[in-house]
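Worksheet: one structure, shown below.
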Amino acid sequence: MHEVIICEKPTSAQKIAQALDSKAKMQKYNKKVKYWELNHDGKDITIVSAVGHLYSLTPDNPKDKVYFDLHWAPLYEIDKKSKAYTRDYVNAIKKFAKGADSYIHACDYDIEGTLIGYTALKYACGEDSLNKASRMKFSTLTKKDLLDAYENRIDIDMHQVDSGIARHVLDYYFGVNISKALISSVSKAKSRYLKLSAGRVQTPTLSILVDREKEIKDFVPEPFWILKALLENDIVAEHVDGKIFDPERAEEILSKCRGKDGSVDKIKLSNSTTKPLVPFNLGGLQAEAYNVFNFSPKKTQTIAQNLYTAGYTSYPRTSSQKLPESLDFKNIFNGLKNNKEFKVHIDQLPSKLKPNEGKKEDAAHPAIHPTGILPDKLDKDELKVYQLIVYRFISVFFEAAKFESMNTTVNIADELFSFKRRRVTHKGWMEHYPYRSIDNEEFPDVKEGDTIAVEDIISEEKETKPPARYNQASLIKELEKRELGTKATRADIIAKLEDRKYISGTKIEVTQLGENIIDTLKEYCANLTSEELTREMELKLEGIDEDKSSKEEVIDEGKKEVITILDDIGKHEKEIGSKLYDSYQETNIVGKCSCGGNLIKRYSPKTKSHFVGCTNYPECTVAYSLPKGARFLKKTCEKCGLPMISFGRKPPTHACLDPNCGKDKTKTHNPEVVGKCPECGKDLVKRSGRYGDFIGCKGFPKCRFTASVDELDSILKNS
DNA sequence: GCAAGGTC
């Protein structure tokens, strides 16, 4: 009897192999793909693994205008470049699953996991395999849970499968088709290709940002006053009313207190503790790396994945803030101790290892933690993230930090002012987590009843501030809260919005294009801009899960809705397209042209490079080529007023957008002819470029012959 | 060319 077990990812395959047979043998297919051969209760078992989804939806006919007829195809066929690696996994499954007597579906127990195993069985092992398949249901990868799941296998939950399929189909129907409609509106109106998109997650995310933008725009600041007493020994005390919105009241306090001395009214001493921070889940790590190192969530995620693949840290796509004892903390610390800097901290650990945990849980994985295997080679940024993970892990086992606070109230002419001091009495975990500053202020030497000299009373006028813009880390938190996207996709969603030029900046601002996308979609498919669609879909999918509605019904309803939306958009195509394109142009404005038009950054598909041109083209032919990777600086050239750019590395060059700025313009318009082009026979001319003078062909861009000035003599001789 | 989801 031969049994095949299919897992979602190689790490869980390994855990299952070890749980079933401590002598399980890991082997490799095509030098890359791991699989395991073992014996459990006298049965020969092969364990193979997927790498997440191996199959994805694709249109039956890619030439269709609208995509409603879809089928499942291997990912490596759909995305030939970035998913090429999945081919070996599919082939391995095909090879080892052939002719097995029974199959076990052992992917993660959630909708996507169920679908991953289902498509792997159906399309890689053959439809018949589903008749011989059972399902392992486990929520942790501990030996006990896995053995339990193996012994008590259940049937594959077809409602779960259908609900997963419906999710994929609906996301495709809405996302791809509406994106296509937006793109086509621009192409109809302006004959230009503009990559635009909309989707169940990205559009509500953009909408959140637009709402915040509106709140900021509509915000009416209100003035208020803070009154401060400048006391002896550089102590500053603030009036206990805090923000004072009534200017007369502020004036009253000021005139009442000026020139008077104060007396210490009350001193309140109190103690407080600060518990250790909680273990990292992916969102937590992304937020901390953003705040401490300014790393984008996407960058942190990539680094965490690399550290995991290399074996230095645990599985990164977890939402858990818990560290179960089964992780064998002692063993991890023993490994980490081989690093001198870590050892200093580990040696001070309490004998009883009990971590401070957070509330969030994850069915399949614990919080992110080091494995105890020390890395030998990491680049600068990887090392930063690795150390952050290690120190956070160590610090959660220490005791709380203790603080002593002194809150002093000073009476000046019957008005109360107060000041606070806080000092650390026991550093606890904070001594082992070097990414937080520790309050340690000196307590001034005063006691109740003391007279205290007042040097001045000042009134500071301030105003209330609008809500802050989101940054990438706080936006991810917001998406978590609203349950939009998943822990694995949130960073990508934000990167996508940036790529589409819907948003920009570290303090995220929505561009005019982003605003117009939301305006347009609100008009034609309001469902997509709110979280409604997600909620609605969830309910319907749950319906499938609970056998209340069929997959077909839910998909058909979605199809009808999309058809109506596309119809509406089609009726106003040109209007929508021009509005979107014009606002896109705006996002690329880099400065003013001398003709009065705007200078915009554009892309030339012919030369595959960016350049700057004027919006009045073809009447105005002003154009400047851009060096690779050029960024626009926030200043303009002192000589000509054009924007300044920065390009190159170490150190970057800062220069005027016009490479000929300050040079004799007649030269560039009437370049000196120095000979004939050896490639096309046209005139060779002397040109000046960003990096100095060079020889170019007048036949440019058809002929791309160039040479340095020094090479000129030998070129002319040879031809 | 377009989504969102899983994973290396």
Side-chain angles (χ1 to χ4, degrees), chain A residues 7-13 32-34 49-59 62-67 70 72 75-76 78-79 82-90 107-108 110-120 163-187 192-206 282 301-311 315-318 364-365 479 484-497 499-500 517 528 533-534 537 541 558 562 566 605:
Chain A
C7 303
E8 181 159 326
K9 47 187 169 278
T11 42
S12 52
K32 271 177 271 173
V33 177
K34 293 176 187 169
S49 163
V51 266
H53 282 291
L54 295 174
Y55 294 84
S56 184
L57 288 172
T58 196
K63 285 183 184 152
D64 282 349
K65 248 188 143 183
V66 216
Y67 294 151
L70 309 172
W72 292 89
L75 256 183
Y76 60 80
I78 295 169
D79 191 338
S82 75
K83 305 295 176 185
Y85 69 93
T86 59
R87 184 189 289 269
D88 282 333
Y89 283 83
V90 172
C107 298
D108 294 357
D110 49 38
I111 289 182
E112 294 298 328
T114 300
L115 189 58
I116 289 167
Y118 174 82
T119 54
S163 148
I165 292 174
R167 205 279 301 151
H168 278 249
V169 172
L170 289 177
D171 274 350
Y172 204 103
Y173 279 7
F174 279 90
V176 177
N177 286 317
I178 293 175
S179 298
K180 271 164 72 82
L182 293 173
I183 294 169
S184 123
S185 74
V186 170
S187 111
R192 299 254 187 217
Y193 175 75
L194 231 193
K195 192 187 263 185
L196 296 173
S197 63
R200 177 180 48 88
V201 178
Q202 62 169 271
T203 304
T205 303
L206 181 57
L282 180 60
Q301 194 165 342
T302 307
I303 292 177
Q305 170 69 16
N306 291 341
L307 293 172
Y308 157 68
T309 313
Y315 187 78
R317 285 179 293 277
T318 174
H365 305 278
L479 297 181
L484 275 171
T486 70
K487 51 194 176 293
T489 57
R490 289 182 186 118
D492 290 329
I493 294 276
I494 299 174
K496 201 171 267 183
L497 294 178
D499 184 60
R500 300 281 185 273
I517 284 281
L528 194 60
L533 191 65
T534 297
M537 257 176 73
L541 297 181
V562 173
L566 295 182

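Being a predicted model, the structure only gives us computed values, none of them experimental. Sequence lines set the chain letters: A, B, ... in the order given, protein chains first and strands last, and positions in each chain run from 1.
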Query raised in the report: Within the structure shown, what part of the strands sits under 4.0 Å from A:I493 by heavy-atom distance: base, sugar-phosphate, or nothing?
Result: sugar-phosphate
Report summary line: On DNA chain B, more 5' by nearest nucleotide between A:V201 and A:A488 is A:V201
Query raised in the report: Taking side chain as C-beta onward, heavy atoms only, is A:L206 less than 4.5 Å from A:I517?
Result: yes
Requested in this report: Mind checking A:A181 for me? I need base, sugar-phosphate or nothing, with any heavy atom below 4.0 Å counting as a touch.
Outcome: nothing
Requested in this report: Would you name the heavy atoms of A:G113 and A:E8 that are closest together and state the gap between them?
Outcome: CA-OE1, 3.2 Å
Report task. Look at all strands and tell whether A:Q305 reaches a base, only sugar-phosphate, or nothing, counting heavy atoms closer than 4.0 Å. Result -> base
Query raised in the report: Touch check for A:K9, heavy atoms < 4.0 angstrom, all strands: base, sugar-phosphate only, or nothing?
Result: sugar-phosphate
Query raised in the report: Checking all strands, does A:R500 fall into the base, sugar-phosphate, or nothing category for heavy-atom contacts under 4.0 angstrom?
Result: sugar-phosphate
Requested in this report: Pick base, sugar-phosphate or nothing for A:K83, based on heavy-atom distances below 4.0 Å to the nucleic acid.
Outcome: base
Requested in this report: Please determine, by modelled atom types, if A:R317 and A:Q301 share a side-chain donor-acceptor pair under 3.5 angstrom.
Outcome: no
Report task. Kindly compute the distance separating CG (A:L194) from CZ (A:R500), expressed to the nearest 0.5 Å. Result -> 10.5 Å
Query - Which residues share a side chain to side chain donor-acceptor pair (under 3.5 Å) with A:E112, sequence neighbours left out - result: A:H53, A:R167, A:H168
Query raised in the report: When we call it a touch if two heavy atoms are under 4.0 Å apart, what does A:Y315 touch: a base, just sugar-phosphate, or nothing?
Result: sugar-phosphate
Requested in this report: Check every nucleotide of DNA chain B for an atom under 4.0 Å from a heavy-atom of chain A, then give the first and the last such nucleotide from 5' to 3'.
Outcome: B:dG1 to B:dC8
**Report entry** By ring-ring contact (aromatic ring centres under 6.0 Å, His included) - contacts of A:Y172 (at least two apart)
**Finding:** none
Query raised in the report: Starting at the 5' end of DNA chain B, which residue's closest nucleotide do you reach first, A:G113 or A:Y193?
Result: A:Y193
